[in-house]
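This report concerns only the one structure given below.
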Amino acid sequence: MADEKKQSVSGNKKGLIIALVIILLSINGVSLFFNYTQRQELESKEQAIVEKNQEIINTISDLESVKRQLEESRSRIAELGGNVDELNAIILELENDKDKLRKDASAAQRIMRQYKERAEGYKELLEASEEKIAELTAQRDALFEQKQGLELKVIAKEDSIRNLAMSKEELAKKVAEASVLEAENINIEAITPKDKLKDGSEIKAKHIHILRVKFRLGENRVAKHEAKDVMMRLIAPDGSCLFDLNTGGGTFMHEGKEKFYTDKKSILFANQNEKVNFDYIKGSPWKPGKHKIELFADGFKIGESEFIVK
């Protein structure tokens, strides 16, 4: 009896263990099933996100391609003088759509749907732009041919005008040359600190308190009777022009170059051998050596002279 009871208890334990194992296996199987289902759903969602992102990327690429084609058409139309206001507005709209697709995921679906709806319209717009380009090109070519015909006529007239202009230019040049004034009888004097007069081609430095340059304007029947500026340049032995704004110095143009002058006088030329005097106080010791005086009027040199400081 005891053995039978032991066997019965042992059998019951085995049954319980088997049942427990079966229950655990069932729970584990259910758990694995749910985990597998959840993983499948997650992978499905991830795949949907990847596909949606790829769709957004593709749409952005399409928008960029259309925008680039429209920009090329806009440039060609603008070069031909056509109106590009409509293209500017559409290109700006495409750029805004691109920015929204990149930044606003909630608007992506709406923008992609709108793009698909407008795709055919963009195609028609590009075709219309090409037609406009062809039309403007034809107009430009026609105007070019017309312009060439007119230019040939103008060239023929210009040839005869040029010949006349050349003779007028030569005459004007001769008149300008003939109207150049001339400084005559240029005399250089030194006034000493004691107000004595020294002249000649060589002057001692200690005698020069005021340097006086005197001359007359020669007769010229061609030159206009008008106010004229006469510039005096005093060139030192080292070749530099003595120049000081405080003593009347300045600059003027000669043969296309800017030059300094030492002093300037305004005179009224009336072809009456006008006298012109320059009194110059240097304000610093004179350097020994050869000095040069140059005189200019109306942009031309009208005379020059030299003296030596000892």
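Proximity of a side-chain donor or acceptor of T262 to a complementary backbone N or O of L242 within less than 3.5 Å is detected. Between the side chain of D298 and the backbone N or O of V180, no donor-acceptor pair lies under 3.5 Å. Of the possible polar contacts, one joining the N271 side chain to the N220 backbone as a donor-acceptor pair under 3.5 Å is found. Using a distance-only test at 3.5 Å, with no hydrogens or angles considered, no donor-acceptor pair links the side chain of D199 to the main chain of I188. Between the side chain of K301 and the main chain of E304, no donor-acceptor pair closer than 3.5 Å is present.
Both I77 and I91 are members of a single hydrophobic cluster when ILVMFWY side chains are connected at heavy-atom separations under 4.5 Å. A single hydrophobic cluster is seen to contain both M232 and V230, as judged by linkage of ILVMFWY side chains at heavy-atom distances under 4.5 Å, directly or through other members. Under the 4.5 Å side-chain heavy-atom criterion for Ile, Leu, Val, Met, Phe, Trp and Tyr, V276 and I210 are members of distinct hydrophobic clusters. Transitive grouping of hydrophobic side chains (ILVMFWY, heavy atoms separated by less than 4.5 Å) brings V213 and L181 into a common cluster. With hydrophobic clusters built from ILVMFWY side chains whose heavy atoms lie under 4.5 angstrom apart, I302 shares a cluster with I186.
Evaluated for a side chain to side chain contact (heavy atoms under 4.5 Å, CB included) with W286, the options H207, H291, K310 yield exactly one hit, H291.
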(message) Evaluate R74 against N88 for side-chain hydrogen bond (donor to acceptor under 3.5 Å, both in side chains), listing each step before the verdict.
(response) CA-CA 8 Å; R74 178 181 63 181; N88 284 336; 2.9 Å; yes
(message) Could you go through E182 and R216, starting from their C-alpha distance and side-chain angles, then the distance that decides it, and tell me whether this counts as salt bridge (charged side-chain N to carboxylate O under 4.0 Å, His left out)?
(response) CA-CA 8 Å; E182 184 177 357; R216 290 176 178 270; over 6 Å; no
(request) Apply side chain to side chain contact (heavy atoms under 4.5 Å, CB included) to R212 and F278, showing your working. (result) CA-CA 5 Å; R212 177 169 291 168; F278 284 101; over 6 Å; no
(message) I'd like to know whether I208 forms a side chain to side chain contact (heavy atoms under 4.5 Å, CB included) with V309, so could you lay out the CA-CA distance, the side-chain angles of the two residues, the decisive distance to 0.1 Å, and finally the verdict.
(response) CA-CA 9 Å; I208 309 175; V309 176; 4.0 Å; yes
(request) Check the pair L197 / I191 against side chain to side chain contact (heavy atoms under 4.5 Å, CB included), numbers first and verdict last. (result) CA-CA 5 Å; L197 187 65; I191 300 174; 4.1 Å; yes
(message) Evaluate S73 against E130 for side chain to side chain contact (heavy atoms under 4.5 Å, CB included), listing each step before the verdict.
(response) CA-CA 7 Å; S73 296; E130 289 300 319; 3.8 Å; yes
(request) Show your reasoning for whether salt bridge (charged side-chain N to carboxylate O under 4.0 Å, His left out) applies to K198 and E189. (result) CA-CA 6 Å; K198 301 285 184 178; E189 301 173 343; over 6 Å; no
(message) Applying side-chain hydrogen bond (donor to acceptor under 3.5 Å, both in side chains) to K194 and T192, what does each step give before you reach the verdict?
(response) CA-CA 5 Å; K194 294 182 179 181; T192 69; over 6 Å; no
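Looking at heavy atoms from C-beta onward, F307 lies out of side-chain contact with E202 at the 4.5 angstrom threshold. Proximity of K259 to M253: side-chain heavy atoms (C-beta onward) are nowhere separated by under 4.5 Å.
When every heavy atom of N277 is checked against every heavy atom of K214, the shortest pair comes out as OD1-CG, 3.4 Å. Contact detail for G303 and A183: the closest heavy-atom pair is CA-CB, 4.3 Å. When all heavy atoms of S179 and V222 are compared, the closest pair comes out as CB-CG1, 4.0 Å. L245 and G250 make their closest contact through CD2-CA, 4.4 Å (heavy atoms, listed as atom of the first residue, atom of the second, distance). The heavy-atom pair separating P237 from K287 by the smallest distance is CG-O, 4.2 Å.
Within a 6.0 Å radius of CG in D238, other residues, nucleotides and ligands contribute more than 12 heavy atoms. Residue Q139 qualifies as enclosed at atom CD: its count of foreign heavy atoms under 6.0 Å is above 12.
Distance check: I267 CD1 to K228 NZ gives 7.5 Å after rounding to the nearest 0.5 Å. Rounding to the nearest 0.5 Å places CG of D244 at 7.0 Å from OH of Y280. A distance of 7.5 Å separates OG in S305 from CD1 in I293, rounded to the nearest 0.5 Å. With rounding to the nearest 0.5 Å, the separation of CG in L234 from NZ in K292 is 12.0 Å. Taking OG of S240 as the start and CZ of R233 as the end, the distance is 9.5 Å to the nearest 0.5 Å. Rounded to the nearest 0.5 Å, atoms CG (N187) and CZ (F215) are 12.0 Å apart.
The pair R140-E79 fails the salt-bridge criterion, with no side-chain N (NZ, NE, NH1 or NH2) lying under 4.0 Å from an Asp/Glu carboxylate O.
The ring of F252 has its center closer than 6.0 angstrom to the ring center of F296.
Aromatic ring pairs are classed by plane angle as parallel below 30°, tilted from 30° to 60° and perpendicular above 60°; the pair F243 and F260 is tilted.
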